[in-house]
There are 2 protein chains.
Amino acid sequence: MKKEKLTKNQQTVLSLLEQSKEPLKAYTILSGTQKKGIKAPTQVYRALDKLIEIGKVHKIESKNSYVACNISNCNAMTSTSFLICEKCEKVTELEKDNLKSFFGTLSKSVNFEYSDHNLEIFGCCNACR
Amino acid sequence: MKKEKLTKNQQTVLSLLEQSKEPLKAYTILSGTQKKGIKAPTQVYRALDKLIEIGKVHKIESKNSYVACNISNCNAMTSTSFLICEKCEKVTELEKDNLKSFFGTLSKSVNFEYSDHNLEIFGCCNACR
DNA sequence: AGTAACACTGTTATAATATAACAATTTTTA
DNA sequence: TAAAAATTGTTATATTATAACAGTGTTACT
């Protein structure tokens, strides 16, 4: 059941995302992969779902966009933290402990059982200043 | 230019949100306000835009949903932190300032100029345990 | 190797979320 | 009171995402 190898469509989508400097929207991915044989939104979303599930791609919720994860062996499938530059749209993923322990402690202090989080920090990146 | 009083549609939408225990989706708001004279999505979105702008409503990005803010004089228009219970869907907003300075410092440490954030913590609330 | 289970594919259609554009009216400001 | 700004109602459309279905390929196990 554990499958290491990506299928053709999954590779196509991931590869496009990896080449991109910014997050891409699903329909942009569709446009960008049509010559590779992807023809319908469903195919893109299916590939994305899988890639997200295995942690290779994350979704930027506030932008309905998707980014390839460049953290080796990222296990942050469902808990991600991003810095998003509002000038150039570049997105950087926070590594560390991913703030998981911080949010865990914070949650506990207000009597809430933490399981995951989504953090998006907006501002201006170093290169744009 | 500072307007304290909400217009009819804005009041209608806000009032529905305030009565709700969970975040509502735009089209649910539309359904819920049709007898009050709201007839088209545009009217809902316009009211929401305004309410968000003045801080009375926040958007839960990961759910495409909207919540009334119950923090008096909330100034977190664009920087919000939520605890979201995955069982009952209840949403609790963390009081403003606390995390802004934390994220500011965190950002600075990686050479990023913080301006706003969106934090969504998922888990299980006290009542559901 | 055979086969059952499962995952992925391609395809068409449609659902759900959100904005554009325009003419009219009301409210605010100066 | 006139100009500017905000809000309204309306129709149409854009954008984002899923459903449903039949077929094909892969995996895992005897």
Side-chain angles (χ1 to χ4, degrees), chain A residues 1-17 20 22-67 77-78 89 91 118 120, chain B residues 1-17 20 22-67 77-78 89 91 118 120:
Chain A
M1 188 223 142
K2 267 291 164 240
K3 218 198 154 189
E4 297 303 330
K5 230 168 126 238
L6 299 176
T7 66
K8 186 160 166 297
N9 286 354
Q10 289 159 9
Q11 278 169 336
T12 302
V13 168
L14 179 57
S15 155
L16 185 73
L17 282 172
S20 170
E22 323 98 44
L24 298 179
K25 300 192 159 238
Y27 279 70
T28 306
I29 295 173
L30 178 56
S31 306
T33 54
Q34 279 182 328
K35 55 187 150 198
K36 299 267 182 159
I38 290 185
K39 291 181 179 156
T42 316
Q43 295 174 289
V44 172
Y45 284 107
R46 281 199 288 228
L48 287 173
D49 284 349
K50 189 51 151 189
L51 292 166
I52 289 170
E53 186 188 326
I54 64 179
K56 292 288 190 187
V57 165
H58 304 305
K59 180 173 185 183
I60 311 289
E61 294 287 355
S62 66
K63 306 221 179 272
N64 297 316
S65 295
Y66 303 85
V67 281
M77 290 78 172
T78 49
E89 301 295 323
V91 165
N118 170 48
E120 301 167 5
Chain B
M1 185 220 141
K2 268 288 165 246
K3 216 198 156 190
E4 298 304 330
K5 226 165 129 245
L6 300 176
T7 67
K8 186 161 164 297
N9 286 353
Q10 290 160 7
Q11 278 170 335
T12 301
V13 169
L14 179 57
S15 154
L16 185 72
L17 283 172
S20 171
E22 322 97 44
L24 298 179
K25 300 191 160 243
Y27 280 70
T28 305
I29 295 172
L30 178 56
S31 307
T33 54
Q34 281 184 327
K35 54 188 151 195
K36 298 267 183 161
I38 290 185
K39 291 182 181 158
T42 316
Q43 296 174 289
V44 172
Y45 283 108
R46 281 200 289 230
L48 286 173
D49 285 348
K50 190 49 149 191
L51 291 166
I52 288 170
E53 186 189 326
I54 64 177
K56 291 288 191 186
V57 166
H58 305 306
K59 180 174 185 182
I60 311 288
E61 294 287 355
S62 66
K63 305 219 178 276
N64 297 317
S65 295
Y66 304 85
V67 280
M77 290 77 173
T78 49
E89 302 294 323
V91 165
N118 171 47
E120 299 167 5

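Comparing C/dT19, D/dA17, C/dT11 by their nearest atom to the side chain of A/Lys59 picks out D/dA17. The nucleotide whose nearest atom lies closest to any side-chain atom of B/Lys39 is, among C/dC8, D/dT10, C/dT17, D/dT10. With distances taken from any side-chain atom of A/Arg46 to the nucleotides C/dA18, C/dT11, D/dA17, the minimum falls on C/dT11. With distances taken from any side-chain atom of A/Pro41 to the nucleotides D/dT18, C/dT9, C/dT19, the minimum falls on D/dT18. Looking at the side chain of B/Gln10, the nearest of the listed nucleotides C/dA21, C/dA18, D/dT7 is D/dT7. Out of D/dT8, C/dA18, C/dG10, the shortest distance to the side chain of A/Asn9 is found at C/dG10. Among the nucleotides D/dA17, D/dT16, C/dG10, the one closest to any side-chain atom of A/Lys25 is D/dT16.
Put simply, B/Tyr45 has no side-chain N or O that comes within less than 4.0 Å of OP1 or OP2 on C/dT19. A close approach under 4.0 Å does not occur between any side-chain nitrogen or oxygen of A/Asn64 and OP1 or OP2 of D/dT15.
One can find a donor-acceptor pair under 3.5 Å joining the base of D/dT11 and the side-chain atoms of B/Thr42. Applying the 3.5 Å distance criterion, the base of C/dA18 shares a donor-acceptor pair with the side chain of B/Tyr27. You won't find any donor-acceptor pair under 3.5 Å spanning the side chain of A/Thr7 and the base of C/dT9, going by distance alone.
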_Worked verdict on A/Glu120 versus A/Asn118 for side-chain hydrogen bond (donor to acceptor under 3.5 Å, both in side chains)_ = CA-CA 7 Å; A/Glu120 301 167 5; A/Asn118 170 48; 3.3 Å; yes

